[in-house]
Amino acid sequence: MKPDPIDRETLERLFEAANWAPSHGLTEPWRFIVFQGNAKKQLAEAICSTMADEGQDTLPGDDPRRAKIALKTDTAPVVVAIVCQPSTKPNIVEMEEIESTAMAVQNLHLACRALDLAGFWSSGKKAFHPKMASFLELEAPARCLGFFYIGYPANEWPIGQRRPYQEKVIWREHRS
Ligand SMILES: Cc1cc2nc3c(=O)[nH]c(=O)nc-3n(C[C@H](O)[C@H](O)[C@H](O)COP(=O)(O)O)c2cc1C
């Protein structure tokens, strides 16, 4: 991604699109924490602390994983923590709330593409680590589902790759 900043109005458009995701009972469980500028450095440090060995607070200064994390968080001008704040209503299942939050992210991603912005969802252990929940000031049952990196692409759009949909669809209309 290019380091070019993304203006606030454009970011607001992205979140407006995200906000139109569906949810069971209109619970609207998606939440976003937007990291820009120096706040991204704090996020990078929080990620480093999730990778530390037991007994360590954070990764040692010379650990090569630090450079990788710094590169990712420095390159994207905006990094968004994706949070699901599930409803506690008895008729709502947590799975539905996670699905709904993922749909909000898909909306966000499609809106990025429409505005010539690149987006990338990353998660893994760092996102689900209790240290990350604490850094993001999340209280259970809220949980982080990952990070969405946004920026103007520095290169040509990559060619997407997917196996054929035919492998994933079962048709049952002609069964007797
Ligand atoms: C929930 C979720 C988590 C993901 N986590 C990672 C990740 O931690 N690291 C990674 O390289 N790709 C991750 N991906 C995959 C990328 O976001 C992306 O989909 C993949 O690189 C293919 O690129 P494309 O979707 O633009 O074709 C994740 C995707 C999803 C939906």
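Every number for a ligand or one of its atoms is a count from 1 in the order of the listing.
Of the candidates Phe148, Trp121, Phe120, Trp121 brings a heavy atom nearest to atom 14 (N) of ligand 1. Considering each of Ser123, Ala118, Gly160, Ala127, the one bringing a non-hydrogen atom nearest atom 5 (N) of ligand 1 is Ser123.
Protein heavy atoms are absent from the 4.0 Å sphere centred on atom 19 (O) of ligand 1. Inside a 4.0 Å radius of atom 26 (O) of ligand 1 there is not any protein heavy atom.
Among protein heavy atoms, atom 24 (P) of ligand 1 sits closest to Arg162 NH2, 3.6 Å.
A donor-acceptor contact shorter than 3.5 Å is absent between the side chain of Lys125 and the backbone of Thr50. Side chain of His24 to main chain of Ile92: no donor-acceptor pair is present (N/O by atom type, distance under 3.5 Å, no hydrogens or angles).
The proximity of Gln161 to ligand 1, defined as any non-hydrogen pair under 4.0 Å, does not occur for either the backbone or the side chain.
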Using the rule given for salt bridge (Lys or Arg N to Asp or Glu O under 4.0 Å), can you reason through Arg13 versus Glu9, listing the C-alpha separation, both sets of side-chain angles and the distance that settles it, and then say yes or no? CA-CA 6 Å; Arg13 285 179 73 184; Glu9 198 192 333; 5.9 Å; no
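Using a 30° and 60° split on the angle between ring planes, Phe135 and Phe35 fall in the parallel class, below 30°.
With salt bridges taken as basic N to acidic carboxylate O contacts below 4.0 Å, one links Arg8 and Glu12.
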